[in-house]
Amino acid sequence: MQIATWNVNSARARQGRIVEFLQRTKVDVLAMQEIKCKPEQFPYEAFEAIGYKVLAHGLNQWNGVAFAYREDLVPEDVETSFYQQPEFKDVQEARAIGATFDGVRVWSIYVPNGRELDDPHMQYKLEFLDRLAATMAEQLEMDPSLEIALVGDFNVAPLDEDVYDLSMFETHVSQPERDAFEAFEQVGLIDKVRELVPNAYTYWDYKELCFPKNNGMRIDFMLTSEALTERITAATIERDERKGELPSDHVPVVFTLG
DNA sequence: ATGACTCGACTATCGAGA
């Protein structure tokens with residue numbers, strides 16, 4: 001079984017590339033972020049034509065998360081938010097969708113952008129990360145044998161090497177954001193992909209030739225509970241997906257289970 | 001060697017992304 005995560009930056013604009021990726025890799029489950037549409041606007045036909053079904057959660061043209069999964073799989077216990085997921089201005093945004101595939105609990109997560117260190121969105125981001133870690137901790141305390149994959153765009157660069165030039169950044173690398181990210185490790189969610197694919201970026205801004213200059217960031221992660229981590233046999237970061245026509249600014253991250 | 005952001009929204013600038 002293969003699971004992937006990809007911030008696609010619009011499911012409609014990217015449908016051709018997403019379908020080609022699925023045909024090429026044949027991943028079983030693809031967790032998407034930034035689908036930028038409502039469920040009724042999702043381009044289901046292109047996915048169904050190649051044997052994939054879709055679960056989408058989106059409120060408007062912002063955010064939005066989804067799963068594409070092989071049509072023989074049956075998603076169970078679908079949730080479109082996590083327990084006490086924070087709101088911004090009384091709106092619970094479409095930033096989380098969870099479903100169990102073949103016994104693996106997969107969450108597609110799009111962590112809010114904090115914008116600036118003193119922006120209200122930064123407090124929202126930190127609360128979002130805190131609540132998410134607390135929810136995962138509660139579930140793993142009840143059953144440490146759970147196979148959980150918490151994947152998506154975390155909008156945090158945990159290590160200095162995860163950005164091309166530390167002096168260019170204030171957000172994504174701040175200590176509060178890094179502390180909030182480290183909480184996942186403390187509750188038992190492990191970044192096995194980093195061990196298998198060190199020194200790689202997952203995002204390059206569209207602006208200022210960032211990709212040709214390799215001015216990137218590592219902000220997309222696949223965190224796994226201990227039971228699931230033990231099953232991971234391989235991982236890739238699909239850097240070539242940043243090339244060519246109409247790329248997303250993020251690339252897919254993939255792991256394989258034995 | 002060059003390039004020099006993209007998407008979706010009340011289609012025309014603008015918010016959002018990081």
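Chain letters run A, B, ... following the sequence lines, proteins first and then strands; every chain starts at 1.
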Pairing donors with acceptors under 3.5 angstrom, does anything connect the side chains of A/Glu79 and A/Ser81? no

When the C1' atoms of B/dC10 and B/dG15 are compared, how many Å lie between them, rounded to an integer? 15 Å

In whole angstroms, how far is the C1' atom of B/dC5 from the CG atom of A/Asn215? 14 Å

Rounded distance in Å between the P positions of B/dT13 and B/dT2: 35 Å

Taking only side-chain N and O atoms of A/Gln61, does any of them lie within less than 4.0 angstrom of OP1 or OP2 on B/dG17? no

It should be established whether A/Arg242 places a side-chain nitrogen or oxygen under 4.0 Å from OP1 or OP2 of nucleotide B/dC5. no

The nucleotide from B/dC7, B/dA18, B/dG17 with an atom nearest the side chain of A/Asn155 is B/dA18

Between B/dG15 (C1') and A/Glu93 (CD): distance, integer Å: 13 Å

Are there more than 12 heavy atoms of other residues, nucleotides or ligands under 6.0 Å from atom CD of A/Gln23? yes

Reckon A/Asn9 has a side-chain N or O less than 4.0 Å from the OP1 or OP2 of B/dC7? no

Would you please confirm or rule out a distance under 4.0 Å between OP1 or OP2 of B/dG17 and any side-chain N or O of A/Arg115? yes

Atom pair distance, as rounded to whole Å: NZ in A/Lys207 and C1' in B/dG17: 8 Å

What interatomic distance, in whole Å, is found between P of B/dA18 and the corresponding atom of B/dC14? 22 Å

Would you check if there is a donor-acceptor pair between the side chains of A/Asn7 and A/Glu34 at a distance under 3.5 Å? yes

Side chain of A/Leu209: nearest nucleotide among B/dA4, B/dG8, B/dC5? B/dA4

A/His250 side-chain N/O to B/dA18 phosphate OP1/OP2 under 4.0 Å: yes

Looking only at atom C1', what distance separates B/dG3 and B/dG8, rounded to whole Å? 25 Å

Tell me: NZ of A/Lys213 to P of B/dC5, nearest whole Å? 10 Å

Could you tell me how far apart A/Arg17 (CZ) and B/dT6 (P) are, to the nearest whole angstrom? 13 Å

So, is A/Ser10 near the phosphate of B/dG8, with a side-chain N or O under 4.0 Å from OP1 or OP2? yes

State plainly whether one hydrophobic cluster holds both A/Val253 and A/Tyr203, where clusters connect Ile, Leu, Val, Met, Phe, Trp and Tyr through side-chain heavy atoms under 4.5 angstrom apart. yes

Do A/Leu166 and A/Ile219 sit in the same hydrophobic cluster, where Ile, Leu, Val, Met, Phe, Trp and Tyr count as joined when their side-chain heavy atoms come under 4.5 Å apart? yes

Just how far, in rounded Å, is C1' of B/dC5 from CD of A/Glu34? 14 Å

In whole angstroms, the gap separating P of B/dC7 from CZ of A/Arg12 amounts to 12 Å

Is there a donor and acceptor pair, one atom on the side chain of A/Asn113 and one on the base of B/dA18, closer than 3.5 Å? yes

Take atom C1' in B/dA12 and the same atom in B/dA1, then report the distance between them in whole Å. 36 Å

Would you kindly give the CG-to-C1' distance between A/Asp205 and B/dC7, to the nearest whole Å? 13 Å

A/Tyr206 side chain N/O closer than 4.0 Å to the phosphate oxygens (OP1, OP2) of B/dG3? no

Is the shortest side-chain N/O distance from A/Arg14 to OP1 or OP2 of B/dC7 below 4.0 Å? yes

Hydrophobic cluster identity match, A/Val151 and A/Val104, side-chain contacts under 4.5 Å: yes

